[in-house]
Amino acid sequence: MKLKITSLFYCVLFIIACQKPTEKEASTSAEVAKLQPIAIVIHGGAGVMSPDSFPEEKRDIYKAKLDEAISKGYEILENNGTSAEAVIATINILEDSPLFNAGKGAVFNYDGYNELDASIMDGKTQNAGAVAAVTKVKNPINLAYEVMVNSDHVMLSGKGAEDFAETRNFKFVDSTYFMTESRLKALQRAKAKETASLLDWEDSKFGTVGCVALDRNGNIVAGTSTGGMTNKRWNRIGDSPIIGAGTYANNATCGVSATGWGEYFIRIGVAHEISAQMMHAKKSLQEASEDVIMNKLENLGGDGGIVALDKDANISMVFNSQGMFRASIDKNGEKVVKIFKD
Ligand code: ASP
């Protein structure tokens with residue numbers, strides 16, 4: 001009997017000892033959360049722009065807005081917000097600025113008004129939402145998010161997308177909200193030199209906006225918002241609202257947002273191709289991004305670039321155009337804001 005009690009005593013002691021957390025295991029969930037790196041990367045469009053044609057004061061204005069946007073997104077991630085919240089808040093700042101070809105500063109189509117496209121993808125669920133050719137929605141990225149989380153669909157367009165927006169209580173803006181002097185002049189210039197291709201890359205230049213974020217839960221979300229290309233016609237839709245072309249996210253690989261001549265990005269399936277090369281060819285994010293932009297896109301004759309990050313918070317910003325407005329904050333909190341190649 002005594003032996004049995006003693007063995008029971010040691011047994012209980014053993015169980016307690018096994019359950020006693022080690023110093024490392026004793027960390028609070030907040031401390032554990034800190035071990036998961038956060039990072040964010042954005043672009044404000046790529047295009048034909050040389051340092052000479054872009055005066056210092058103008059560069060500073062663009063850089064300040066990129067800085068404001070990325071800092072907002074990072075702050076959300078730091079405070080344990082989700083990558084979706086960070087992407088939307090960051091893109092909203094860029095959409096509300098007339099500097100970029102998205103929201104307020106969207107380019108004009110051939111018929112003299114603005115048609116906006118946007119998309120967002122969640123790398124954890126692989127859910128996605130997109131809208132194309134909307135004309136009254138102030139922040140198209142928010143509507144893309146609504147499509148993702150509150151509809152059975154991935155992509156809605158034109159009036160149908162706006163009818164859906166109404167059911168989600170979106171407030172519309174008058175189409176004059178999107179009319180900026182500089183974009184109107186760009187349309188006039190494009191029309192004056194009307195080329196065989198109606199799209200004017202030279203005059204679209206830059207401005208599509210995109211963001212990819214990695215949050216404390218290891219979730220990657222990517223989003224893109226644009227006015228498309230100056231002088232576009234026939235309800236042309238570019239790569240930005242197309243999942244796999246302009247936007248893609250998969251927690252197992254990476255998140256990507258693209259900018260550039262959309263027709264080429266669609267044909268390559270740029271954003272998905274980068275993820276696929278990581279998944280199947282075991283390439284790093286940088287290797288895959290460089291192959292897709294510097295080889296595949298370049299060989300086809302396309303221009304533009306991507307911003308991307310992977311599950312380990314590695315960041316890539318690759319472009320084959322003269323410049324790309326871009327910024328990143330890496331896992332060490334280090335911020336970079338750039339326009340041209342180094
Ligand atoms: N990719 C966009 C489009 O083709 C334009 C851009 O990124 O500048 O609609």
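Each ligand, and each atom within it, is numbered from 1 in the order the structure gives. Residue indices begin at 1 and follow the sequence shown.
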>> Does Asn219 form a side chain to side chain donor-acceptor pair (under 3.5 Å) with Asp122? I'd like the steps, not just the answer.
In response: CA-CA 8 Å; Asn219 289 336; Asp122 182 326; 5.6 Å; no
> Can any side-chain N or O of Asp330 pair as donor or acceptor with the backbone N or O of Asn332 at less than 3.5 Å?
Replying inline: yes
Could you tell me whether some N/O pair between [X] and ligand 1 is separated by less than 3.5 angstrom?
X: Ala46; result: no
X: Glu263; result: no
X: Thr259; result: yes
X: Thr226; result: no
X: Gly238; result: no
X: Asp117; result: no

Are [X] and ligand 1 in contact, using a heavy-atom cut-off of under 4.0 Å?
X: Ser240; answer: yes
X: Arg236; answer: yes
X: Asp239; answer: yes

> Which atoms of ligand 1 sit under 4.0 Å from any heavy atom of Gly228?
Replying inline: 5 (C), 9 (O)
> Going by the order shown, which atoms of ligand 1 are within less than 4.0 Å of some heavy atom of Thr208?
Replying inline: 2 (C), 5 (C), 6 (C), 7 (O), 8 (O)
Say whether [X] and [Y], considering side chains only, have a donor N or O and an acceptor N or O under 3.5 Å apart.
X: Asn109; Y: Asn231; answer: no
X: Lys338; Y: Ser328; answer: no
X: Ser240; Y: Thr208; answer: no
X: Ser151; Y: Glu146; answer: no

>> Checking Phe178 against Tyr113 for the ring pair (Phe, Tyr, Trp, His ring centres under 6.0 Å) test, could you report, in this order, the C-alpha distance in whole Å, the side-chain angles of both residues, the deciding distance, and whether it holds?
In response: CA-CA 8 Å; Phe178 300 109; Tyr113 65 97; over 10 Å; no
> Taking all atoms of both residues into account, what is the closest heavy-atom pair of Ala89 and Ile76, and its distance?
Replying inline: CB-CD1, 3.4 Å
